[in-house]
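Here is the structure we will look at.
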Amino acid sequence: MSSKNDKLANSRPSVESSPLEQGSTSRVVRTRFAPSPTGMLHIGGLRTTLFSWLWARKNGGEFILRLEDTDQERVVEGAREQIMDSIAWLGMNWDFGPDKPSPEFGSCVQSERKDDYIKFIQPLLDSGVAYHDWTSTDDLAAMREQAQAEKRPFVFRKSMATLEGPEGGSVIRIAIPDDLTISWDDAVRGTQEWSGKDIGDFVAIKSDGYPTYQFANVVDDHLMGITDVIRADEWLSSTPKHLYLFDQLGWQRPTYVHVPPILGPDGKKKLSKRDGAKNAADYAEEGYLPDAVINFLALLGWNPGTEQEVFTREQLIEAFDISKIQKSGARFDPVKLDWMNGMHIRALSAASRYEHSSEWWPEAATSYDDSYRQSVLELVHERLKKWSELPMLSSFFFEKPEPLGQDKIVKETKFMPEEQGQLISDTLKLLQDSDFSEEDLEKRLYGYAKDNDLKVGKYFMLIRLVVTGSTFSPGLFETLHVIGKDEVLARLAR
RNA sequence: GGCCCCAUCGUCUAACGGUUAGGACGCCAGAUUCUCAAUCUGGAAAUCCGGGUUCAAUUCCCGGUGGGGUCACCA
């Protein structure tokens, strides 16, 4: 057939023209993320959101959050809020969303836009592109099963349909011509071409009157003026359906950008709940910084073409380019995320680092003032990978540690119990009239070790163990200085 | 099974057809040092296989293998 369709397909920008320019030359860039509120938004969805958001921000365009809830039965309570909270936590602001309708196109919730879809199906029905079908779901299932058994793909055609039935009980399908050829330039996959004979006549309007994703998606992308459809790879094979609809409705096609999947630990299947696929809330709870998560996610399936790894949010927006999105799937590496988060914690100014730390302090820290806590933070932050580690690394600044058994000290320092007692009481005397500046502590402690011919490492470890209860801590003088004279002497005297 | 997509160190990735195949995480070693970190330096570590094109292939083509996606009144 259809020279008409071929022409439409061919009227698209040629292969030579960059797909990047298709969306951005004529119209202001508009992207959207369109999840269905059926559950948690996990890491893969978050990354897709990120790419959409970055691309809009980079181009001074708009980013829309649209809820695809046309399957009312699958809508999960709370999912909508969870999705919005996750995206907001990562600092990806939307220009229009479920909570922010547009004066131009209205609601961003599909169930509230039902009338729009019905409106556009009529011309398709009139032109014979769409038709009513009364085939029962049971019959459909049987047909599918048979196709399966015969090891052939299930491709529904009008000839298989039940064309008569009671008013209102039908679905509306889009008829796909066998000789249709649909081609397009995917911004990451390159030129794609599909044959109509591999595409079944798909349902556009369900028998309950709601549109399917396939239809609502196209209508909304058009009505909302979406220029770049950035979505997961799994949609690649339904793109021809969407394109056919754009063409038949006489609408301008957006640029399609199919991003690769994020893989689970085995490097094969997509990351799933079973792998502990997380949502943004989980990362918030473990004490990751939104900027670090964004930085990490951006580098999963995209790279700037330079050797830079650590980016601020602004640098990411500046550097991001959909032409550098990877084709193949990427594995999620939590170890690198930890490193990345540590880098971001260290990149913060002392003041904003302290601000970020606020809810992570151990219980005992509440009775201490800001300036004390801030000094502690500056001492321990280089050892932090995530905020949840703060209590473990800082507790001895706020409360006396559990006294260590002498055996433990012997094991760590090789000082016999008698020696321990002697050294500690000497140290107690030594520090009695110290001003407890780092310099003075250093002078006295080193001096004592030297005068008594002690291994500095062993001696310092002894003091550390007694004062902090831990085999590791920030530098000994800094630690003693911050804890303060009274408390240090009290701990030594125990 | 049909159709489609993908393939560089363990992982994330770079490389106009000509590079000692680069960087990062992790790992190992060293430096620093009172411990642990942080930091710096060095090291081990990769082009899935087979053909073809070419003076030259990680790069282009074909085939294989492996992995993934999709074939719903779900998105």
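Letters go in sequence order (proteins before strands), and every chain restarts at 1. Side chains included, hydrogens not; waters and symmetry mates left out as well; all remaining heavy atoms used.
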ask   = When you check the phosphate oxygens OP1 and OP2 of C71(B), does a side-chain N or O of Ser238(A) lie under 4.0 Å from one of them?
value = no
message = Between C49(B) and U8(B), how far apart are the two P atoms, rounded to whole Å?
response = 11 Å
ask   = Do Arg383(A) side-chain and C36(B) base share a donor-acceptor contact under 3.5 Å?
value = yes
ask   = Taking CD from Glu234(A) and P from A72(B), how many angstroms apart are they, rounded to a whole number?
value = 15 Å
inquiry  = Regarding Gly301(A), tell me which of base, sugar-phosphate or nothing describes its non-hydrogen contacts under 4.0 Å with the strands shown.
reply    = sugar-phosphate
message = Using a heavy-atom cut-off of 4.0 Å across all strands, would you classify Met392(A) as base, sugar-phosphate, or nothing?
response = nothing
query = Relative to the ring of His242(A), is the ring of Trp235(A) parallel (under 30°), tilted (30 to 60°) or perpendicular (over 60°)?
reply = tilted
key: Candidate nucleotides C25(B), G22(B), C73(B), ranked by approach to the side chain of Glu307(A) - the nearest   = G22(B)
query = What interatomic distance, in whole Å, is found between C1' of G10(B) and the corresponding atom of A45(B)?
reply = 9 Å
message = Under 4.0 Å, counting only non-hydrogen atoms across every strand here, what does Gln192(A) touch: a base, just sugar-phosphate, or nothing?
response = sugar-phosphate
message = Can you confirm whether the side chains of Tyr288(A) and Lys386(A) place a donor and an acceptor under 3.5 Å from each other?
response = yes
query = Which nucleotide sits closest to the side chain of Asp198(A): C3(B), C25(B), U70(B)?
reply = C3(B)
ask   = Looking only at side-chain N and O atoms, does Arg144(A) come under 4.0 Å of OP1 or OP2 in A72(B)?
value = yes
remark   = The nucleotide from A24(B), A75(B), C12(B) with an atom nearest the side chain of Ala330(A) is C12(B)
task = Considering just the side-chain nitrogens and oxygens of Lys385(A), establish if one lies under 4.0 Å of OP1 or OP2 belonging to A37(B).
result = no
ask   = Which part of the nucleic acid, if any, lies within reach of Val171(A) when heavy atoms closer than 4.0 Å are counted: base, sugar-phosphate only, or nothing?
value = base
request  = Provide the distance between the two C1' atoms, one in G26(B) and one in U32(B), to the nearest whole Å.
outcome  = 22 Å
request  = Go ahead and name the base partner of G1(B); Watson-Crick or wobble counts if both distances stay under 3.5 Å, otherwise write none.
outcome  = C71(B)
ask   = To the side chain of Glu382(A), which of C74(B), A37(B), A72(B) is closest?
value = A37(B)
ask   = Given the C1' atoms of U47(B) and A21(B), what is the spacing between them in whole Å?
value = 8 Å
task = Can you measure from CH2 (Trp194(A)) to NZ (Lys241(A)) and round to the nearest 0.5 angstrom?
result = 9.0 Å
query = Please give, in whole Å, the distance from A75(B) C1' to His42(A) NE2?
reply = 13 Å
query = For Ser195(A), which contact category applies under a 4.0 Å heavy-atom criterion: base, sugar-phosphate, or nothing?
reply = nothing
ask   = Which part of the nucleic acid does Gln326(A) contact within heavy-atom distance under 4.0 Å: base, sugar-phosphate only, or nothing?
value = sugar-phosphate
A57(B): pairing nucleotide in any strand, Watson-Crick or G-U under 3.5 angstrom = none
message = Can you check the distance between G63(B) and U70(B), where both ends of the measurement are the P atom (answer in whole Å)?
response = 25 Å
key: Selected nucleotide, minimal atom distance to Asp71(A) side chain, candidates A38(B), A24(B), C74(B)   = C74(B)
query = Given atom CZ of Phe156(A) and atom C1' of C3(B), what is their separation to the nearest angstrom?
reply = 20 Å
request  = Could you check Leu337(A) against Phe472(A) and say which one's nearest nucleotide on RNA chain B is further toward the 5' end?
outcome  = Leu337(A)
task = Would you indicate which nucleotide in C25(B), C73(B), A75(B) comes nearest to any side-chain atom of Leu140(A)?
result = C73(B)
ask   = Which value, in whole Å, describes the distance between the P atoms of nucleotides G2(B) and A14(B)?
value = 32 Å
task = Mind calculating the distance between CD (Glu378(A)) and P (A37(B)) to the nearest angstrom?
result = 20 Å
remark   = Per nearest nucleotide of RNA chain B, the residue lying toward the 5' end, Ala34(A) or Asn303(A), is Asn303(A)
inquiry  = Assess, by modelled atom type and distance only, whether the side chains of Asp321(A) and Ser323(A) contain a donor and an acceptor separated by less than 3.5 Å.
reply    = yes
message = Starting the side chain at C-beta, find the nucleotide from C3(B), G1(B), A75(B) nearest to Trp194(A).
response = C3(B)
Within 6.0 angstrom of Lys114(A) NZ, more than 12 heavy atoms from elsewhere = yes
query = Side chains of His258(A) and Thr239(A): does their closest heavy-atom pair fall under 4.5 Å?
reply = yes
inquiry  = Among C74(B), C4(B), A72(B), which nucleotide has an atom closest to any side-chain atom of Phe154(A)?
reply    = A72(B)
query = Would you find more than 12 non-hydrogen atoms of other residues, nucleotides or ligands less than 6.0 Å from Gln148(A) atom CD?
reply = no
inquiry  = Tell me whether the side-chain N or O atoms of Ser207(A) pair up with the base of C73(B) as donor and acceptor below 3.5 Å, since no angle test is needed here.
reply    = yes
remark   = note: Asp138(A), atom CG; C73(B), atom P; distance rounded to Å ~ 12 Å
ask   = Touch check for Thr471(A), heavy atoms < 4.0 angstrom, all strands: base, sugar-phosphate only, or nothing?
value = base
request  = Could you tell me the separation between the CZ atom of Arg331(A) and the P atom of A7(B), rounded to a whole number of Å?
outcome  = 16 Å
query = Under 4.0 angstrom, heavy atoms only, what part of the nucleic acid is Glu68(A) near: base, sugar-phosphate, or nothing?
reply = sugar-phosphate
query = With under 30° as parallel and over 60° as perpendicular, where do the rings of Phe246(A) and His222(A) fit, or are they tilted in between?
reply = perpendicular
inquiry  = Could you tell me how far C4(B) sits from G22(B) if I compare only their C1' atoms? Round to whole Å.
reply    = 33 Å
ask   = Using atom P of each nucleotide, how far apart are U58(B) and A7(B) to the nearest Å?
value = 16 Å
ask   = Across all strands, who's sitting opposite G50(B) as a Watson-Crick or G-U wobble pair, both distances under 3.5 Å?
value = C62(B)
Partner nucleotide, any strand, of C36(B) [Watson-Crick/G-U, under 3.5 Å] = none
query = With a 4.0 Å cut-off on heavy atoms, is Pro260(A) in touch with a base, just the backbone sugar-phosphate, or nothing at all?
reply = nothing
task = Would you mind classifying the nucleic acid contact of Leu299(A) as base, sugar-phosphate or nothing, using non-hydrogen atoms under 4.0 angstrom?
result = sugar-phosphate
key: Pair assignment for A21(B), Watson-Crick or G-U wobble, requiring both distances under 3.5 Å   = none
request  = Could you check how far CZ of Phe296(A) sits from C1' of G26(B), rounded to whole Å?
outcome  = 12 Å
ask   = With both distances under 3.5 angstrom, what nucleotide forms a Watson-Crick or G-U wobble pair with C9(B)?
value = none
request  = Take atom NE2 of His381(A) and atom C1' of U39(B), then tell me their distance rounded to the nearest Å.
outcome  = 12 Å
key: Ring geometry between Phe51(A) and Phe320(A) (parallel below 30°, tilted from 30 to 60°, perpendicular above 60°)   = tilted
task = Could you check whether the rings of Trp361(A) and Tyr354(A) sit parallel, tilted or perpendicular, using 30° and 60° as the cut-offs?
result = tilted
